[in-house]
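Encoded as structure tokens, the structure appears first; notes follow it.
Atoms considered below: every heavy atom in the structure, side chains included; atoms not considered: hydrogens, waters and symmetry mates. Atoms within each ligand, like the ligands themselves, are counted from 1 in listed order.
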Amino acid sequence: MEKVALIGLGNMGAGMAGQLLRAGHPLTLWNRSIDRAKAFEEAGAYVAASPREAAERAEIVISMVADDRASRLVWTGEQGALAGVRHGSVLVESSTLSPGWVKELAIAAGEKGCDLLDAPVTGSKLHANSGELFFLAGGERRAFDRVLPVLKAMGRDAIHLGPSGSGALMKLINNFVCSVQVAGLAEGLALIEKSGLNRDQAAMVLLNGAPASPLVKTLAPRMLSRDYTVNFALELMCKDLSYAMAEGERYSVPLITAPAALKLFDRAVEQGFGQLDFSAVVEPLYAQQ
Ligand code: NAP
């Protein structure tokens, strides 16, 4: 069993840590808020004092943090993971990040004699808890083959999409498509509420017709019952949309629907819903006069 270090124990990282322990990997954890890591000590994990120490103890180092800024902080600097990595380790960046940053990180990893895979995930908190994530990987094929058993300990499968940055780009496209659907669903439900249509009948129509994607089926009941217990924090969707829009510009495919969706998510953040589930994007629409 390869020795694994996991950095970042938020909604996703905590579930991934549980699966790695269940699979029997010797596991070192680091999280900015140490209490979240301590919770795994009894289950057999070692809690490192820094990302650097976590990397020193492992052959595979995984990061699952919020955004580019957090990723830069945990990998670089004197106490960052890159300062501690062993020659020949494989580094796995599973956070949803910009392709530009993960390519830069891959170069820095190469200078340390390590391969870096960008391997963000589809699936949410519940999939992380039950080991059903799906990994979208970019980087060297040899690195993918080596870490596949570890990815499969945390997920149902993984796909190798191409060179460094391919996984990050695919994840942003995936979340861009999701965000537009969710924004449309929120506006549709607000219109149903305001117009006085029968909401049960309306829900039945939407949830049994063409719009009923897996995402709409999951989020419509939450929006209707106003249950915003967090699986995926709303503010993270703003981050994903802004990274996706930058990629659209880079490839001269401006994502015209993205700014409209982002406007709704930004409005929800401004009104204090940023740390609730992204289904809370509907709240400002329910409230508007
Ligand atoms: P989360 O619950 O908000 O956790 C964020 C993690 O990042 C925490 O461990 C947090 O540490 C850490 N962090 C934030 N800022 C940091 C900083 N400046 N320095 C060091 N650590 C920092 O987020 P999540 O839902 O687990 O998501 C993690 C990543 O997966 C994100 O990139 C997200 O977009 C992506 N993702 C999420 C989902 C989902 O459904 N939740 C699905 C697919 C992909 P603290 O505990 O100290 O705050």
Side-chain angles (χ1 to χ4, degrees), residues 5-19 29-40 45 47-52 54-55 61-77 79-82 92-99 101-102 105 118-137 151 154-156 158 167-179 182 214-215 218-219 222 228-244 265 269 273-281:
L6 175 62
I7 295 165
L9 295 164
N11 287 313
M12 299 299 282
M16 292 159 70
Q19 292 302 317
L29 299 173
W30 183 85
N31 193 61
R32 179 181 60 176
S33 314
I34 191 124
D35 288 353
R36 280 177 153 170
K38 293 269 182 209
F40 290 91
V47 177
S50 63
R52 177 183 181 148
V61 184
I62 305 167
S63 156
M64 191 55 162
V65 294
D67 53 16
D68 280 8
R69 183 170 172 274
S71 173
R72 246 179 221 283
L73 284 167
V74 301
W75 285 109
T76 64
Q79 293 306 315
L82 281 176
V92 180
E93 184 38 281
S94 281
S95 324
T96 305
L97 303 174
S98 69
W101 161 239
V102 297
L105 184 56
D118 43 297
V121 301
T122 65
S124 194
K125 182 180 174 179
L126 304 179
H127 304 92
N129 287 340
S130 58
E132 291 172 287
L133 296 172
F134 185 64
F135 289 85
L136 310 174
L151 301 184
M154 298 179 285
R156 63 181 163 83
L169 179 60
M170 188 64 240
K171 173 63 186 170
L172 295 179
I173 295 169
N174 183 81
N175 275 25
F176 154 62
V177 174
C178 288
S179 71
V182 172
L215 187 62
T218 304
L219 293 202
R222 306 196 95 200
Y228 307 126
T229 314
V230 68
N231 286 328
F232 177 48
L234 194 147
E235 63 191 6
L236 291 176
M237 186 55 104
C238 299
K239 175 256 307 182
D240 294 356
L241 267 171
S242 59
Y243 292 169
F265 287 102
V269 170
F273 300 106
Q275 291 183 16
L276 298 184
D277 191 67
F278 74 136
S279 48
V281 69

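If you look at Val230 next to ligand 1, there are no close heavy atoms at all, none under 4.0 Å. Within the 4.0 Å heavy-atom criterion, the part of Asn231 lying near ligand 1 is the backbone and not the side chain. Residue-level proximity to ligand 1 for Asn11 is carried by backbone and side chain together, each with a heavy atom below 4.0 angstrom. At a heavy-atom distance under 4.0 Å, only side-chain atoms of Leu73, from C-beta outward, approach ligand 1.
Under the 4.5 Å side-chain criterion, counting only non-hydrogen atoms from C-beta, Trp30 is in contact with Val74. Using a 4.5 Å heavy-atom cutoff, the side chains of Asn174 and Cys178 are in contact. Under the 4.5 Å side-chain criterion, counting only non-hydrogen atoms from C-beta, Leu234 is in contact with Val269. Put simply, the side chain of Leu241 reaches to within 4.5 Å of the side chain of Phe176, judged on heavy atoms.
For the pair Met64 and ligand 1, the shortest N or O to N or O distance does not fall below 3.5 Å. For a threshold of 3.5 Å applied to N or O pairs, the pair formed by Ser33 and ligand 1 contains at least one separation below that value. Between Val65 and ligand 1, a contact under 3.5 Å exists for at least one N or O pair.
For the residue pair Ser279 / Asp277, a side-chain donor-acceptor distance below 3.5 Å is found, with atom types taken as modelled. With hydrogens and angles left out, the side-chain atoms of Glu93 and Trp101 include no donor and acceptor closer than 3.5 Å.
Not one N or O on the side chain of Tyr243 forms a donor-acceptor pair closer than 3.5 Å with the backbone of Ala168. Under a 3.5 Å cut-off, the side chain of Thr76 and the backbone N or O of Leu73 do not form any donor-acceptor pair. Without hydrogens or angle criteria, Ser94 side chain to Ala119 main chain gives a donor-acceptor distance under 3.5 Å. Judged purely by atom type and a 3.5 angstrom limit, Lys171 has no side-chain atom pairing as donor or acceptor with the backbone of Asp118.
Between Phe273 and Tyr228, the angle of the ring planes goes over 60°, which puts this pair in the perpendicular group of the 30/60° scheme.
Among residues two or more places apart in sequence or in another chain, the side chain to side chain donor-acceptor pair (under 3.5 Å) test is passed with Asn31 by none. Scored by the side chain to side chain donor-acceptor pair (under 3.5 Å) test, Thr229 finds Asp227 as partners (sequence neighbours excluded).
Here the protein heavy atom with the shortest distance to atom 42 (C) of ligand 1 is Gly123 O, 3.1 Å. In this structure, atom 15 (N) of ligand 1 lies nearest to the protein heavy atom Arg32 NH1, 3.5 Å. The protein heavy-atom contact nearest to atom 3 (O) of ligand 1 is Leu236 CD1, 4.3 Å. Nearest protein neighbour of atom 26 (O) of ligand 1, counting heavy atoms only, is Met12 N, 2.8 Å. The closest protein non-hydrogen atom to atom 46 (O) of ligand 1 is Arg36 NH1, 2.5 Å. The protein heavy atom nearest to atom 44 (C) of ligand 1 is Thr96 OG1, 3.6 Å. Remark: minimum distance from atom 11 (O) of ligand 1 to any protein heavy atom is reached at Asn31 OD1, 3.6 Å. With hydrogens left out, the protein atom closest to atom 4 (O) of ligand 1 is Gly10 CA, 3.4 Å, a heavy atom.
Taking every non-hydrogen atom of Ser95 and a distance limit under 4.0 Å, the qualifying atoms of ligand 1 come out as 32 (O). For ligand 1, the atoms sitting less than 4.0 Å from at least one non-hydrogen atom of Arg69 are 18 (N), numbered in the order shown with element in parentheses. The distance from ligand 1 to the heavy atoms of Leu9 drops below 4.0 Å at these ligand atoms: 9 (O). Near Gly8, the atoms of ligand 1 lying under 4.0 angstrom from a non-hydrogen atom of the residue are 9 (O).
Within the 4.0 Å heavy-atom cutoff, Ala14 does not count among the residues contacting ligand 1. A heavy-atom separation below 4.0 Å is found between Lys171 and ligand 1.
The heavy atom nearest to atom 34 (O) of ligand 1, out of those in Lys125, Gln275, Lys239, is found in Lys239. Considering each of Ala66, Ser124, Ala233, Cys178, the one bringing a non-hydrogen atom nearest atom 40 (O) of ligand 1 is Ser124.
Counting non-hydrogen atoms of other residues, nucleotides and ligands closer than 6.0 Å to CZ of Arg156 gives a total above 12.
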